[in-house]
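Have a look at the structure below before the remarks.
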Number of protein chains: 2
Amino acid sequence: MTAIKESSTIQENKQYALEKCPVTFVMEKIGGYWKPIILYHLSTGDKRYSELKRAIPAVTEKMLIQHLKQLEADGLVIREAKPVVPPFVTYTLSNAGTGLLPVIDAMAAWAFKVKDGVYTI
Amino acid sequence: MTAIKESSTIQENKQYALEKCPVTFVMEKIGGYWKPIILYHLSTGDKRYSELKRAIPAVTEKMLIQHLKQLEADGLVIREAKPVVPPFVTYTLSNAGTGLLPVIDAMAAWAFKVKDGVYTI
DNA sequence: CATGATACATACTTTAGGGTAAGTACTTGT
DNA sequence: ACAAGTACTTACCCTAAAGTATGTATCATG
């Protein structure tokens with residue numbers, strides 16, 4: 001999690017958008033290149049850290065946990081660690097995370113409509 | 001529209017996410033602090049450039065136009081200019097743009113659930 | 001004659017987020 | 001004794017997106 005400089009216009013504006021705009025609120029949670037993909041992989045059931053890593057080969061480990069930590073902090077996923085060695089950690093969608101799935105479906109539906117030329121963009 | 005350096009990992013990854021993930025595809029279109037807000041203001045009917053400017057006081061003109069141009073390039077809004085002086089330009093949601101409204105509604109619904117404590121995050 | 005309103009454009013700066021590379025701790029297998 | 005697998009962490013760099021500031025053309029009005 002990168003340090004945030006307090007007092008920059010960009011942060012104030014983000015704050016403004018966050019309060020004024022529920023869409024921005026959602027995008028704060030699922031924005032970031034890998035978050036939707038992580039959410040997608042978790043939508044079919046809980047996964048170990050290493051399973052996610054293998055499922056998304058293009059992501060680096062730093063980005064993977066960074067996003068997992070943010071998702072956890074935002075209450076979208078639940079981390080469970082068994083105190084064994086080697087470590088055994090699983091990530092699961094929370095209720096809030098599961099509640100996002102319809103949103104994701106709506107987005108996917110629109111994307112496929114666009115790709116199928118329904119809208120003649 | 002900022003110039004894009006081709007061949008950077010971040011661009012390759014964006015490309016990857018774009019192809020693999022319809023959600024990322026959507027967020028490419030409506031990501032950016034002001035785009036959802038602009039879309040929202042256009043959802044109630046077409047607006048002049050200056051009306052948008054006044055409706056969203058926190059946005060700078062550079063950002064406003066930049067996002068409007070991107071939305072236009074992405075086929076979400078339609079720009080219409082009357083050849084008069086002073087200029088008279090209106091922006092309207094296209095069919096594709098209108099098609100996004102259910103997505104936006106779904107996002108807003110989730111956001112309000114979260115804020116109402118439905119999910120106990 | 002200069003000010004205001006319209007709808008932009010453009011050069012320059014800042015910063016948040018993403019990426020690279022390397023290291024940590026602990027155990028099992030060879 | 002050394003590599004491999006687990007789940008991370010940390011220091012540093014690079015860039016895309018956002019922001020600042022200023023300029024442009026045209027006409028109407030005081």
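In the text below, chain A, chain B and the rest are named by the order of the sequence lines, each starting its count at 1. All heavy atoms count here, side chains included; hydrogens, waters and symmetry mates do not. Note that the coordinates shown come from a computational prediction; the quantities given were computed from them, not determined experimentally.
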B/H67 or A/E61: which one's nearest nucleotide on DNA chain D is closer to the 5' end?
A/E61
Return whichever of A/G32 or A/P87 has its heavy-atom-nearest nucleotide of DNA chain C closer to the 5' end.
A/G32
Using the side-chain heavy atoms of A/K62, tell me which of these nucleotides is nearest: C/dA7, D/dA21, D/dA11.
D/dA11
Upstream residue (5' side of DNA chain C) when A/G31 and A/V85 are each assigned their closest nucleotide
A/G31
To the nearest Å, give me how far apart NZ (A/K69) and P (D/dA7) are.
12 Å
Does a side-chain N or O from A/W34 land closer than 4.0 Å to OP1 or OP2 of C/dG17, or not?
no
Are OP1 or OP2 of D/dG19 and a side-chain N or O of A/N13 less than 4.0 angstrom apart?
yes
Go through C/dA9, D/dC8, C/dA7 for me and flag the one nearest to the B/Y49 side chain.
C/dA7
Count the heavy atoms belonging to other residues, nucleotides or ligands that lie under 6.0 Å from NZ of A/K115, then report whether that count exceeds 12.
yes
Choose from C/dT6, D/dA18, C/dC8 the nucleotide whose nearest atom is closest to any side-chain atom of A/I10.
D/dA18
Output the rounded distance in Å from CD (B/Q70) to P (D/dA16).
14 Å
When you measure from the centre of the six-membered ring of B/Y40, is the NZ or CZ of B/K35 under 6.0 Å away and within 45° of the axis?
no
Spacing between A/K14 atom NZ and C/dT15 atom P, to the nearest angstrom:
13 Å
Nucleotide D/dA17, atom C1' - distance to CD of A/Q11 in whole Å:
13 Å
Within the structure, does a side-chain N or O atom of A/S50 lie under 4.0 Å from either OP1 or OP2 of D/dA7?
yes
Taking atom types as modelled, find out whether A/E61 and A/Y49 have a side-chain donor-acceptor pair closer than 3.5 angstrom.
yes
Phosphate contact (C/dT6 OP1 or OP2) by B/R54 side-chain N/O below 4.0 Å
yes
Closest to side chain of A/Y33, choosing from C/dC8, C/dA7, C/dG18
C/dG18
Quick one: is A/T9 getting a side-chain N or O under 4.0 Å of the D/dT20 phosphate, OP1 or OP2?
yes
Decide yes or no for B/I38 and B/L71: does some side-chain heavy atom of the first lie under 4.5 Å from some side-chain heavy atom of the second?
yes
Whole Å only: how far is the CE atom of A/M63 from the P atom of D/dT9?
13 Å
Sub-4.5 Å side-chain heavy-atom contact between A/V89 and A/E80:
no
Is any side-chain N or O of A/R48 closer than 4.0 Å to OP1 or OP2 of D/dA7?
yes
Whole Å only: how far is the CG atom of A/L64 from the C1' atom of D/dC8?
10 Å
How many whole angstroms separate atom CD1 of B/I56 from atom P of D/dA18?
14 Å
Using only heavy-atom distances, determine whether the side chains of A/E51 and A/Y91 contain a donor-acceptor pair under 3.5 Å.
no
Protein-nucleotide distance (A/I30, atom CD1; C/dG17, atom P), rounded to Å
15 Å
Please pick, from D/dG19, D/dC8, C/dT6, the nucleotide with the shortest atom-to-atom distance to any side-chain atom of A/V89.
D/dC8
